[in-house]
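Contents: one structure, followed by commentary.
All residue numbers in this chain count up from 1 along the given sequence.
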Amino acid sequence: MPTCKIQGQIYHLHGSMVPTPDEPHQFLQIYFISSMVDQLNVRCNIQGTQQLKRRIIEQLQAFFHANNAVCYIDFSAEEEQMTLGEKMVLALCKTIHTPGCAVYFDNYFTTLDLIWYLREHRGIFSLGTIRQNRLKGCKGLLSDKELKKRGRDSFSQVVDNDRKIAIVKWYDNKVVTLASSYADAYPVHEIKRWSKEQKKKLGVTCPQLVRHYNQHIDVGKHICSNMLSYVDMGGVDLCDMLIALYRTSFKSRRWYMNIFGQMLDIAVNNAWLLYRRKCNMNSQKNISLKKFRQRLAIELRQNRRSIEREPPSPLPKKALIQNPSAPRPPVPVRYDGYHHWSEYTTYGRCKFCKHNKTNIHCSKCKQRLCLVTKRNCFYNFHNK
């Protein structure tokens, strides 16, 4: 598979999810075949699978589809005419069975037809940023140049009452356009934004539409009200930001190592977010993501693992007790390395070396053993 290197980081360049007319479906493209029979035929014709029994592939495919709700979605004739991005959103929305939910997506997926279709046919509200070339010649919105002349926090709004869609263009550091089927620009709110010119945070007017988008995309906050039940994406922009802070990089030509590193970073960041949420609920002080990753690395390296260290110098054979008078534990118990704790006891002779006394014994073996700077009979007694 093709790879490319950008600023020292190796990336995998994936192809189109829809094949060209003269090429067969392959890899992920197979899942976008609407017919289960056609999917099975493609899989059975893949080079190297001809010797496999068709019945086995059919059973595996049926098992996978039964346990993954989004791997196969039956689209209607109208939905089949939609773009790939719209169909991906529809596939996920068909798993939502709660009426009155709201979904949020970025400008890669957002179209006016998708927003209208979700509300009209699925009963799902939506909000997302939208590209200028997907506005279908929307009239009434101020141009980017006019908004910049009016200054920061200026905005323009157009509402289609027939299709119940509001489009808002807002200028902050740059112009952004959003479309929604449940919210518009009003009421406006004041938020704090950093000013490069004045080197401080200033109050900026923010449309309600933008505020809702930031709450669900940037922060991933879960909100419930009497009218709507908002279902967030879990903070897509926040996830990207946290990964960029401390990225696990693999300098390798094996493209799947970068995918593994991405999944590893997402898991660690999600664990930190859950830890921080728990600390906030219990009114406890939490630690930063950097310290959390450091502690996690230490725990993974040391938890339930033996520490490598230099063993103490063994005593000469003539200094050891060759024929002990007191009974010793069986050899398997003596060397099992399990729950041999040092404890204080009455002062007496060491049971391992000659002519020395100690007040430390093994809690399991019940043997007095020296444990001093120049002599460690406790270690030598329990290790071969």
- prompt: In chain order, what residues pass the ring pair (Phe, Tyr, Trp, His ring centres under 6.0 Å) check against Tyr186, with sequence neighbours excluded?
  reply: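 Here the qualifying residues are Phe155.
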Checking [X] now: which residues fulfil side-chain contact (heavy atoms from CB on, under 4.5 Å) with it, not counting sequence neighbours?
| X | value |
| --- | --- |
| Lys354 | Ile321 |
| Glu343 | His361, Ser363 |
| Arg131 | Asn107, Tyr108, Asn133, Arg134 |
| Tyr246 | Leu289, Lys290, Arg293 |

Rounded to the nearest 0.5 Å, what separation is found between the [atom1] atom of [X] and the [atom2] atom of [Y]?
| X | Y | atom1 | atom2 | answer |
| --- | --- | --- | --- | --- |
| Leu141 | Lys139 | CG | NZ | 12.5 Å |
| Gln208 | His212 | CD | NE2 | 4.0 Å |
| Gln132 | Cys138 | CD | SG | 9.5 Å |
| Gln367 | Thr345 | CD | OG1 | 11.5 Å |

task: Hey, could you give me each pair passing salt bridge (charged side-chain N to carboxylate O under 4.0 Å, His left out) that has a residue in residues 177-206? Not counting sequence neighbours.
output: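 Every salt bridge (charged side-chain N to carboxylate O under 4.0 Å, His left out) pair that includes a residue of residues 177-206, provided the two are not neighbours, is Asp172-Arg193.
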Pair listing, salt bridge (charged side-chain N to carboxylate O under 4.0 Å, His left out) test, anchored in residues 313-328, at least two apart: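 Salt bridge (charged side-chain N to carboxylate O under 4.0 Å, His left out) check on residues 313-328 returns no pairs.
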Residues 115-127, side-chain donor-acceptor partners within the protein, below 3.5 Å, at least two apart:
| unit_1 | atom_1 | unit_2 | atom_2 | d |
| --- | --- | --- | --- | --- |
| Tyr117 | OH | Glu79 | OE2 | 2.8 |
| Arg119 | NH1 | Ser181 | O | 2.3 |

Within-4.5 Å side-chain heavy-atom neighbours: [X] and [Y]:
| X | Y | result |
| --- | --- | --- |
| His382 | Cys365 | yes |
| Leu296 | Trp272 | no |
| Cys93 | Val103 | yes |
| Gln157 | Pro207 | no |

Which residues share a side chain to side chain donor-acceptor pair (under 3.5 Å) with Thr111, sequence neighbours left out: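 Checked Thr111 against side chain to side chain donor-acceptor pair (under 3.5 Å); matches are Glu86.
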query: Can you get from Val175 to Leu209 by hopping between Ile, Leu, Val, Met, Phe, Trp and Tyr side chains that sit under 4.5 Å apart?
result: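 Val175 does not cluster with Leu209.
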- prompt: Linking Ile, Leu, Val, Met, Phe, Trp and Tyr by side-chain heavy atoms under 4.5 Å, what else ends up with Phe378?
  reply: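 Phe378 shares its hydrophobic cluster with Leu315, Leu320, Tyr344, Phe352, Ile360, Leu369, Leu371, Phe381.
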task: Please write out which residues are connected to Val331 in a hydrophobic cluster, directly or through intermediates, given that two of Ile, Leu, Val, Met, Phe, Trp, Tyr count as joined at side-chain heavy-atom separations below 4.5 angstrom.
output: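 Its cluster partners, ordered by chain and number, are Tyr335.
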Please set out all donor-acceptor pairs under 3.5 angstrom arising from side-chain atoms of residues 158-171, sequence neighbours excluded.
| unit_1 | atom_1 | unit_2 | atom_2 | d |
| --- | --- | --- | --- | --- |
| Asp160 | OD1 | Asp162 | N | 3.1 |
| Asp160 | OD1 | Arg163 | N | 3.3 |
| Arg163 | NH2 | Asp113 | OD1 | 3.4 |
| Lys169 | NZ | Leu142 | O | 3.1 |
| Lys169 | NZ | Asp144 | OD1 | 3.2 |
| Trp170 | NE1 | Thr205 | O | 3.1 |

